[in-house]
Structure formats: structure tokens, C-alpha cells
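Input: a single structure, listed below in C-alpha cells.
What you see is a predicted model, and the numbers here were worked out from it, not measured in a lab. Just follow the structure's listing: the first ligand is 1, and inside any ligand the first atom is 1.
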Amino acid sequence: MQRIFSGIQPSGIPHLGNYLGAVRNWVALQASHECLYCVVDLHAITVWQDPAALAQQTRELAASLLASGIDPKAHILFNQSAVHAHLRLAWIFNCVARMGWLNRMTQFKEKAGKDRENVSTGLFTYPNLMAADILVYHATRVPVGDDQRQHLELANDIAQKFNHDYGVDFFPQIEAMIMGPAARVMSLRDGTKKMSKSDASDQASIKMTDSADEIALKIRRAKTDPEPLPETIEGLEGRPEARNLVGIYAALTDTDHAAVLREHGSKGFGAFKPALTDLVVSKLAPIADETNRLLADPATIEAILRDGARRAEALAVPIVEEAERLVGFLKV
Ligand code: TYM
């Protein structure tokens, strides 16, 4: 059975993009893989996080993942800072990855923007830690949204350079699993921008905890064009907002853009948006209810994370120790 690793940052409430691009696929892959899913709090602090909020956001995200269907008994759910092996391997990878490689990362360029001199050095080396997250388990498959593709290519470059420099065949190549019609969910306010936790406009994203009324309002206000939906996917060309809403509908009904257009093509948004709202509410409301139920008992959530961390550690420590031996560290 192939081993899967994936992670999500506790830097805010997860949104529909996180769910459709990642979490929903994580749940499905549990049937056929050995899975480790991680709340990546070490990654979150690459930008400022209020300490009290971070701890609570970590609990909330864990609750949301459990409510979505992550099975912490058959698989492993934990928070990153609890397994120090990630950091030990990340340091080695800081010394394997090249400045030039990291300089090319589009996500760093986007996040740093014009303020490059003033962002944390952690934000720059972020992809090295991400490579360590995966490779410290020798995981070979990584289900993510489309925005993580470049980071996973970098992880493969790091694995290859490590193997080459130390003359070994120790780290495997990993395969990005970018799945389904919603691998890149766009902002509801601008179909050319990714839906993101850090968007300034609250109206740009549907949060996993939004009420039915909030979801209805956001979809009603979502930017569209005046044309009705086309009947074929070619007709979505140059219509990013229409493509986005159709993609969300397709993901939630387990179909694709073409099937949605066969059913809804030629309808105006006045008819399509209410159908989409009903669908989103019917999927998210039970998850939000279950998340709230779980959050009433934080000790249980923490016990689940602790147990996950203990089992993750048992897998990671022998691998990081072997990496350290290959590098030449004296074991005393
Ligand atoms: P993060 O926390 O930004 O997002 C978590 C997952 O959600 C996906 N995603 C999206 N998918 C579709 N449309 C969107 N608009 C959208 N926004 C986010 C992301 O692709 C991701 O799969 N660097 C990672 C976390 C990470 C990680 C890892 C992932 C740390 N270590 C190791 C995989 C393996 C991140 O910031 O995800």
C-alpha cells in the first residue's frame, strides 16, 4: 500500500477551496492508502499568528478534518510541531536546496510581494520544510490543490540532490495527486484569483463554518457575467467566474464540467446560483455541525492529535536517523 502525506495550515478557517481541492480527496484516499494528515502549525508561523488564536485554530482545524471524515484510528492525524523529526530533516534540506531554486517559487513571490526584505526567513525556506514533512515518512503520494504543484516538484529536486550528493538511493520520488474539477477554486469576487484564507474580502471565500444564510448571500453576490451558462465546456473559455462556479458544482456532485453543463447549460445564473447554494449548504452544513459538536470537547481532540503524533513519530524517527547517519553526524 502506498503511503500518503498531506498538510493544511491552521492559519484561519478552512474554505471551500481547501475542502474541494484537498480534504475531500484525503477522505476518499483513505480507502486505498496508508494516510498521514497533518495540521502544519510550523508552516503557519512563517507569517505572524496570534499565539492564543493559533492554538485554538489548530483544534478547530483538527475538528473540521475529523468532521469531514478523516479517520484518526485507521490513519494518522497530528499537528506538525509535535513531531520534531520534521525539523531535523528540514535542517538537512535547508543545506541541500539551493537559493536559486527557492527564488523561483511563485508562492513566495506572491506572499512576499514588494516587501521581500521584511518577510520572515521561514517564509523563504518554507518549501524545504514541506519536502521534509513528506520525505521523513518516505511517503510517495501527496494529494494537494493545484497551487502546491511547484512545491512538490521542488521536493523531488531536493530528494534527488540528497541522493546524488550522498551517493545513495534513500529518498523516493513523490507523485502529486491533483484531483477533480475543483483543484483550483477561485475567489467568488474575481475568477482569476485563487480562493485564499488571506483574502481581504470576506465575500471572496466560503468558509467551512459559514451558516446557510452566509453561503446563500456569498453565492448570490458572487461575480458573474451577464450571459447564460454555455452548453459545452468550450463556451467557458474566457469566462473564469462561470468556470469556477461550474467546477464547484461538478466537484460536489462527483461529475465534471461537461456533465454540469449538460444539465444546466443555457440557464441563467439566476437559476443556477440557487441550485449551487442548495448543494453547497447540503454538503457543508453537516460538517459544520459535527465540527461544533467535536469542539465542545477539546480534550478529546487533543488526545487524538497526541496519539497521531506518537504514531507518526514512530514512523519518522528511524528515517531521520538514517538521513543523519548518511550526512555523517556522529551518534554519541
Ligand atoms: P494550505 O493550508 O494553503 O492549503 C491546504 C490544501 O488546500 C489546497 N487549496 C486549494 N485547493 C483548491 N483551490 C484553492 N483555492 C485552494 N487553496 C488551498 C492546497 O493546495 C492544499 O492542498 N503548503 C501547504 C501545506 C503543507 C503541505 C505539506 C501539503 C505543508 N506541508 C506537505 C502537502 C504536503 C499549504 O500551505 O496548504
Checklist entry - Under 3.5 Å between some N or O of ligand 1 and some N or O of M195? => result yes
Item to check | Plane angle bin for Y126 and H151 - parallel if under 30°, tilted between 30 and 60°, otherwise perpendicular | outcome: tilted
Next on the checklist: Please list the nearest protein heavy atom to atom 6 (C) of ligand 1 with its residue and the distance rounded to 0.1 Å.
Outcome noted: A22 CB, 3.6 Å
Checklist entry - Can you find a pair of side-chain heavy atoms, one from Y37 and one from Q30, that are under 4.5 Å apart? => result yes
Next on the checklist: Between H33 and R141, is there a side-chain donor-acceptor contact under 3.5 Å, judged purely by atom types and distance?
Outcome noted: yes
Checklist entry - Is the CD1 atom of I45 crowded by more than 12 outside heavy atoms at less than 6.0 Å? => result no
Next on the checklist: Are there over 12 heavy-atom neighbours, none belonging to Q173, within less than 6.0 Å of that residue's CD?
Outcome noted: yes
Checklist entry - Nearest non-hydrogen atom to atom 12 (C) of ligand 1 belongs to which of A183, G145, G180? => result A183
Item to check | Nearest non-hydrogen protein atom, atom 1 (P) of ligand 1 | outcome: K197 NZ, 3.9 Å
Checklist outcome for this item: Of all protein heavy atoms, the one nearest atom 28 (C) of ligand 1 is M130 CG, 3.4 Å
Item to check | M186 touching ligand 1 at heavy-atom level, < 4.0 angstrom | outcome: no
Item to check | Test of proximity, K194 against ligand 1: N or O pairs below 3.5 Å | outcome: no
Item to check | Structural part of V142 in contact with ligand 1, heavy atom criterion under 4.0 angstrom | outcome: side chain
Next on the checklist: Among all protein heavy atoms in this structure, tell me which lies nearest to atom 2 (O) of ligand 1, with the distance rounded to 0.1 Å.
Outcome noted: Q9 N, 2.8 Å
Next on the checklist: What verdict does the side chain to side chain contact (heavy atoms under 4.5 Å, CB included) test give for T224 and R239, after you've listed the backbone C-alpha separation in whole Å, the side-chain angles of each residue and the deciding distance to 0.1 Å?
Outcome noted: CA-CA 8 Å; T224 47; R239 300 180 63 188; over 6 Å; no
Checklist outcome for this item: Per-atom filter on ligand 1: closer than 4.0 angstrom to a heavy atom of R184 are 12 (C), 13 (N)
Checklist entry - Should we say atom NZ of K331 is surrounded by more than 12 heavy atoms from elsewhere, each under 6.0 Å from it? => result yes
Checklist entry - Are F170 and Y166 close enough that their ring centres sit under 6.0 Å apart? => result no
Checklist outcome for this item: among protein heavy atoms, the one nearest atom 25 (C) of ligand 1 is G7 O, 3.5 Å
Checklist entry - Purely on distance, is any nitrogen or oxygen of V185 under 3.5 Å from one on ligand 1? => result yes
Checklist outcome for this item: heavy-atom search around atom 23 (N) of ligand 1 in the protein gives Y126 OH, 2.6 Å
Checklist entry - Is the count of non-hydrogen atoms from other residues, nucleotides or ligands lying under 6.0 Å from W91 atom CH2 greater than 12? => result no
Checklist outcome for this item: Between the CZ atom in R189 and the CE atom in M195, the distance rounded to the nearest 0.5 Å is 11.5 Å
Next on the checklist: Under 3.5 Å between any N/O of H151 and any N/O of ligand 1: does that happen in this structure?
Outcome noted: no
Item to check | ligand 1 contacted by H15 (non-hydrogen, < 4.0 Å) | outcome: yes
Item to check | Residue-ligand contact C38/ligand 1, heavy atom below 4.0 Å | outcome: no
Next on the checklist: Between H264 and Y249, does the side-chain hydrogen bond (donor to acceptor under 3.5 Å, both in side chains) criterion hold? Intermediate values first, please.
Outcome noted: CA-CA 10 Å; H264 294 280; Y249 195 100; 3.1 Å; yes
Checklist entry - Please state which protein non-hydrogen atom is closest to atom 31 (N) of ligand 1 and give its distance, to 0.1 Å? => result D133 OD2, 2.7 Å
Checklist outcome for this item: of all protein heavy atoms, closest to atom 11 (N) of ligand 1 is G17 O, 3.1 Å
Item to check | Candidate with minimal heavy-atom separation from atom 30 (C) of ligand 1, of Q148, R24, H43 | outcome: H43
Checklist entry - Going by heavy atoms in the side chains, are Q2 and E34 under 4.5 Å from each other? => result no
Item to check | Min N/O separation D146 to ligand 1 under 3.5 Å | outcome: no
Item to check | Options L42, L129, N18, D147, ranked by nearest heavy atom to atom 19 (C) of ligand 1, top entry | outcome: D147
